[in-house]
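Contents: one structure, followed by commentary.
Numbering starts at 1 and runs along the sequence shown. Below, each value reflects all heavy atoms present in this structure, side chains not excepted, and no hydrogens, waters or symmetry copies. When a ligand or atom number is given, it counts from 1 through the structure's own listing order.
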Amino acid sequence: MTELKVLIPREKIAQRVAEMGADINRDYAGQSVILLGVLKGAAIFLSDLSRELRIDSTFDFIGVSSYGNRPTPAQELKSGWDSTGEVRLTKDMDQSMIGKNVILVEDILDTGLTLTYLKKLLMARQPKSLRIAALLDKPSRRKQPIQADYVGFSIPDEFVVGYGLDYAEKYRNLPDICIVPREG
Ligand code: IMP
């Protein structure tokens, strides 16, 4: 693996996550929310975002795995996932969401297939409201017309790691968001 290039340094991430938290505090003033993180990539983002909230909040996690042909790490780096958009839950949330405000917390919105599927699945559980907070957004890769309600950074079509995001399960612990060079 050639060396990683920093795209978004930790200070900028912290500043933006604080702003997103402030937006959520304002939008849900006087209400409570469940932050629902999508494992594993959103774990670090959720832990920082949750500590910016001053409203009544709890958090929970959902685990998903995509059907379709899982690419090798090299293919994933080159052209991303060739997913069918069908998602299997590997871990469900622990609490009921009926009548609750839920914010689905995701590391990155790429093709949009995963979140489109999850949103439909979760809406059937009758939350009071369901919004999406995505730290990163790659709008140029979108295959489904879905948008996040809270977006940290819009980024170009690069494969990124760090701050929870992985390449073959590595690099999740990097404090900065870095680009993995495609020729490497
Ligand atoms: P989507 O269904 O294509 O929107 O898939 C989103 C998921 O793909 C994310 O939760 C990540 O797990 C993964 N993903 C997409 N782009 C990247 C990337 O640049 N780095 C690491 N994982 C990515």
Does this structure show an ion pair linking K40 with E169, if we count only N-O contacts that are shorter than 4.0 Å?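 Salt bridge flag = yes for E169 with K40.
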Identify whether the distance between the nearest side-chain nitrogen and carboxylate oxygen of K143 and D110 falls below 4.0 Å.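 Result for this pair is no, no salt bridge flagged.
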Short side-chain to backbone donor-acceptor contact, D176 and R10, under 3.5 Å: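 Flag set: sc D176 to bb R10 pair under 3.5 Å.
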Does ligand 1 have an atom that lies less than 4.0 angstrom from a heavy atom of L165?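 Distance cut 4.0 Å: L165 passes for ligand 1.
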Assess D166 for proximity to ligand 1: is some non-hydrogen atom of it under 4.0 Å away?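 Judged by the 4.0 Å heavy-atom criterion, D166 does count as contacting ligand 1.
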Quick one: does ligand 1 sit under 4.0 Å from the side chain of [X], the backbone, both or neither, non-hydrogen atoms only?
X	answer
I108	both
K138	side chain
D107	side chain
K143	neither

Between Q31 and K128, is there a side-chain heavy-atom distance shorter than 4.5 Å?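 Contact flag for K128/Q31 side chains = yes.
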Is the closest side-chain heavy-atom distance between L36 and F61 below 4.5 Å?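 In short, these two side chains do not touch, never coming nearer than 4.5 Å.
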What I want to know is whether G112 and ligand 1 share at least one N or O pair that is separated by under 3.5 angstrom.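 Yes: some nitrogen or oxygen of G112 is under 3.5 Å from one in ligand 1.
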Number the atoms of ligand 1 from 1 as they appear, then name those within less than 4.0 Å of a heavy atom of [X], with their elements.
X	value
T114	1 (P), 2 (O), 5 (O)
E158	19 (O)
E106	10 (O)

Just by distance, no angles: are the side chains of N173 and Y163 close enough, under 3.5 Å, to form a donor-acceptor pair?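 No, because no side-chain N or O of N173 sits under 3.5 Å from a partner of the opposite role on Y163.
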Quick check on K91: does its NZ atom have over 12 non-hydrogen neighbours (other residues, nucleotides or ligands) under 6.0 Å away?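 More than 12 within 6.0 Å, yes.
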Decide if atom CZ of F59 counts as having more than 12 heavy atoms of other residues, nucleotides or ligands within a radius under 6.0 Å.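 Count not over threshold, so no.
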For atom 18 (C) of ligand 1, which candidate among L113, L118, L109, V160 holds the nearest heavy atom?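 The option holding the nearest heavy atom is V160.
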